[in-house]
Amino acid sequence: MKLLTPSTSKQVEPAFLPPDFNASSGEGSLSLSESDNDIPEKKWKISPEKWICAKSSKVKHSNLNSIITEKLELLILLQRMSKDSMTEENNDCIKNLELETKQVSTDTKCVYCDDEEHGEHGSKKNTKCINLSEDSTDSGYAWVILVSAFFLEVLTGCSLTSFGIMMVDIIDSTEQRASNIAFIGALLSSFLGLSGVLLGPIVHRFGCRVVVFSGSLILALCCLTTFLVRNVIVYYFSMGIVSGVGYSCYQLGAPVAVSHWFQKKKAFSLSVIMTGISVGSMLWGPITRLLINKYSWRGAVLIIGGLQLHGCLIAAILKPGPLLSKSLLEKKRSSRFNKEILKNKRFIIYCFSNFTLLYGHVVPFMMLPIKAESNGISKMNAAVLVAIMGACSTTVRPLVGYLGDKAWFDKNFVFGIFSILGGILTSASFYMRTYNLLIIYACLFGMISATYIPLTLSVAVEIVKKPEFIANGLAIILTVHGLATLVSITAFGTLDYVQLKNNCEKDTVFQHFTQSVHIQNALATTYESTGDRWRTFSYRKAAAAVKRYPRPITSFEEALAIPGVGERVANKIWEIVETGGLRKLEELSNQEDIKAISTLSGIWGVGQTTARQWVSQGIKTLEDVRNKAKLTRPQQIGLKHYDDLLERMPREEAGRIDDFVREKCLGIDADLVILCCGSYRRGKETCGDVDFLITHPDGKSHHDLLPKIIKRLGSFLTDHLVSLQQKGGQSKYLGVCKLDEEGAKHRRIDIITVPRDEYACAIMYFTGSAHFNRSMRHLAGKMGMSLSEHSLNKGVVRKRGEKLNPGVPLPTPTEESVFKHLGLKYLPPNERDH
DNA sequence: CGGCTGTACTG
DNA sequence: CAGTACA
DNA sequence: GCCG
């Protein structure tokens, strides 16, 4: 085995080599004498000196035990200390190490077996040595185990990948500082590693089946908790600490299980499951994004929790194998922490450099989706970036492993160069704002990090030199990695581009930046009360543009350059950035009348005109309205539910309303097509109302449908605001509903029924957003067309806004067709916010 | 200077 | 027709 | 109030 016979006796060959190397290396050099097959326990405790002795030059058979022992000890240490799970690379190292260990034990043809009775360990009885017949492993059920273990690792890959993807949405919906949420990720990654300390003995005691099973349940429970509870402190546990432990179970379980079943092809099998985690991290990004788009991030968490329950299935498949290496794990660890290592100045310096390296390394992984999003890249594409990074890192890693073994390969050099490259690249990434550039960044960074991260450990081994310190040294390095991860993610959340995304930051520039959005909107509202419709329009537009703008505004000119922001608004933005306020707004909004107007126009059915009229008549409070004002029917209802109707409902509630209405409608006619549109369809976390679009596939049964539906919904609809028959066959109902639940509030509900051939345009319209509809209609207008909720018409002739020729409808069977006619790429509902 | 989405009910 | 609403 |  080449591993144990390095080219020079001085060079300590690091324990981290790629599986393919081990797999392909000859077995011959290590064949052992029979006597090694029966190894008494004591013999396993062998000093590190013997290990290195075995490593340098010729292998002494009698020392092989010590090699195995030492490696296992290292393994234990690594498993405890490592899993800088951000990057999985360390795990790979562990697995490589583990695999190598297995290889050794395989080669010796000495395998430990253990009756899978849980608990009764600690005595020699349990540990016996057998000569294996080769057919009992590597085939048959072993392959089932391999596939299961592979999928287990795929499930593990979910951990930080999906959290990274989700972070943006979590920040949005919890309105927490980004750093608070990022801290969950830091906890997750730390506990993924830390829990190895606890799990090591537990895997040993209860077997990997039990551990994987519990891991699965733990994860499912965590996800359920996250789904149900709306409290960030709880998330620290449910998504951070406890989830970390859960994933740790998977992570430990898979290689252990496989090592129980594979003998000859152990190296191969371990490399297979190793790729599992990479495949997992590639897959989970897009999957998570899709789930979030469809069900919001809470829903996604719940579904992921469900998916993690597959771990139970896998646990059931993972029956104890004929080979059992875990009994080896139980050996008492002989190496204690040796302070001598701290006298090695090179090593200390190396530790610091590793800290800074990892400090910088970890952030891009976790923050990439946020960075992408803050630069206006769609969430799905951000997820794709993560997948790309994963893929690149996956492809390069085996290559590095392969090259790492070559004599001419200068690890120190490569490590140095690539870590510097990674640093430069990441610094440069600050200026990468377009999707294409970020793709390149993801690719390069994935590849570069796949190079230097595994090498950190190899280089450490070379620096430590003294064999008795290697275990300690590696443990220290891995601790440093873990620490760096924790510190960097926590710290970083408060520093860089994360803030740009957020609107709840207290930091000066950023605060002013977000405040400006707020104030612009306030100004818009204020002007609305004054009645200047088009000024309002412009403020709204400018506010939206500023909100979209991915960076803090640092100069007047920068503000002016934003489309939709002119000189006057730029002046105001600059005043906000510099002083934190806007005098004009304060003047205006301190006027009692203006406050009154905005209060009154909160009543459904009361607009600017009515509100202003009332105020001028001295009606300034809701109480005044109740007593003095003349109210229309809808306004009375609006006043009755004033507070309820101004409140937005959580997405889940909209979902329950959807279920209820859907069931009732299908009771009328099972063929009806019911779609809940509006902000719900766009995947928003809260909804101001629920919008139902209903049609019948036969193209005619939508006639007279709406009254039936309203009748059917009965007391669910508490008040009717408007119920109208439109000319073209569309009917619209606006009303108020309330679920039959404890503490349920009144909610606005809109229902429209449309003819089949207007369905696509109606969906477009009813899904919105309002602003998106305006843009689409504006675009249609510029192209000589006209878009409405009924149809997309072409050949429209307009003259000074007036339509002279209504044009002819284009065929629009689907939403896609509408986009196509307008020369646009299809946008899924969740991307129609602008 | 003139447009800034397009449609439809209520009173 | 003006006012209000829907996305 | 912004933009063409």
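The chains referred to below are lettered A, B, ... by the order of the sequence lines, with proteins before strands, and numbering in each begins at 1. Computed from a predicted model, the values in this text were never measured in an experiment. Side chains are part of it too, since the values below use all heavy atoms of this structure and drop only hydrogens, waters and symmetry mates.
- Positionally, the nearest nucleotide of DNA chain B for A/Ser775 lies more toward the 5' end than for the other of A/Thr632 and A/Ser775.
- Taking the side chain as every heavy atom from C-beta outward, A/Asp169 and A/Ser296 never approach each other to under 4.5 Å.
- When the shell of 6.0 Å around CG of A/Asp740 is examined, it contains 12 or fewer heavy atoms from other residues, nucleotides or ligands.
- Nucleic acid contact class of A/Arg540 (heavy atoms, under 4.0 Å, all strands): none.
- Residue side chain A/Trp534 meets the stacking definition with respect to B/dC4: its ring centre sits within less than 5.5 angstrom of the base's six-membered ring centre, and the planes differ by less than 30 degrees.
- One side chain, A/Gln730 or A/Glu758, offers a donor N or O that lies under 3.5 Å from an acceptor on the other.
- Each of A/Leu721 and A/Phe537 was assigned the nucleotide of DNA chain B with the nearest heavy atom; the assignment lying further toward the 5' end belongs to A/Phe537.
- Within 4.0 Å (heavy atoms only), A/Tyr765 reaches at least one base atom of the nucleic acid.
- Distance A/Leu675 CG to C/dA7 C1': 14 Å, rounded to the nearest Å.
- Between the side chain of A/Arg651 and the backbone N or O of A/Tyr680 there is at least one donor-acceptor pair closer than 3.5 Å.
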Read 5' to 3' with Watson-Crick or G-U pairs under 3.5 Å, [ ] for crossing pairs and | for partners on another strand, DNA chain C gives |||||||
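- Ranking D/dG1, B/dG11, B/dT7 by closeness to the A/Ser786 side chain, first place goes to B/dT7.
- Between the P atom of B/dG6 and the CG atom of A/Asn793 lies a distance of 11 Å, rounded to the nearest Å.
- Residue contacts shown for A/Asp750 are limited to sugar-phosphate atoms, with no base heavy atom under 4.0 Å away.
- Following rounding to the nearest Å, A/Leu600 (CG) and C/dG3 (C1') show an atom-to-atom distance of 16 Å.
- Annotation: B/dT5 and D/dG4 have their P atoms spaced 15 Å apart (nearest Å).
- The CD atom of A/Gln730 sits 11 Å away from the P atom of B/dT7 (whole-angstrom rounding).
- The separation between A/Lys541 atom NZ and D/dC2 atom C1' is 6 Å, rounded to whole Å.
- Distance, A/Ile751 CD1 to B/dC9 C1': 17 Å, rounded to whole Å.
- Rounded to whole Å, atom C1' of B/dG6 lies 9 Å from atom CG of A/Asn773.
- Among the heavy atoms of the strands lying under 4.0 Å from A/Arg774 is at least one base atom, whether or not backbone atoms are also near.
- Between A/Val754 and A/Phe766 the shortest side-chain heavy-atom distance does not fall below 4.5 Å.
- Nearest to the side-chain atoms of A/Val722 among the listed nucleotides B/dT10, D/dG1, C/dC6 stands B/dT10.
- Side chain of A/Ser788 to main chain of A/His790: a donor-acceptor pair is present (N/O by atom type, distance under 3.5 Å, no hydrogens or angles).
- Backbone-only contact: A/Phe766 has heavy atoms under 4.0 Å from sugar-phosphate atoms and none from a base.
- For the OP1/OP2 pair of C/dC6 and a distance below 4.0 Å, the side-chain nitrogens and oxygens of A/Trp604 include at least one atom meeting the criterion.
- Across the protein-nucleic acid pair, A/Leu787 atom CG and C/dA7 atom P stand 16 Å apart, rounded to whole Å.
- Side-chain proximity of A/Ala770 to the nucleotides C/dA7, D/dG1, C/dG3 is greatest for C/dA7.
- Nucleic acid contact class of A/Ile752 (heavy atoms, under 4.0 Å, all strands): none.
- No side-chain donor-acceptor contact under 3.5 Å links A/His746 and A/Asp719.
- Although no hydrogens or angles enter the test, the distance criterion places no donor-acceptor pair under 3.5 Å between the side chain of A/His702 and the main chain of A/Ser731.
- Using a 4.0 Å heavy-atom criterion, one finds that A/Arg682 contacts the sugar-phosphate atoms exclusively.
- A/His778 has no side-chain polar atom (N or O) that falls below the 4.0 Å cut-off from OP1 or OP2 of B/dG3.
- In this structure a side-chain-to-backbone donor-acceptor pair under 3.5 Å is present from A/Asn773 to A/Tyr765.
- A donor-acceptor contact under 3.5 angstrom links the side-chain atoms of A/Arg777 to the base of B/dG6.
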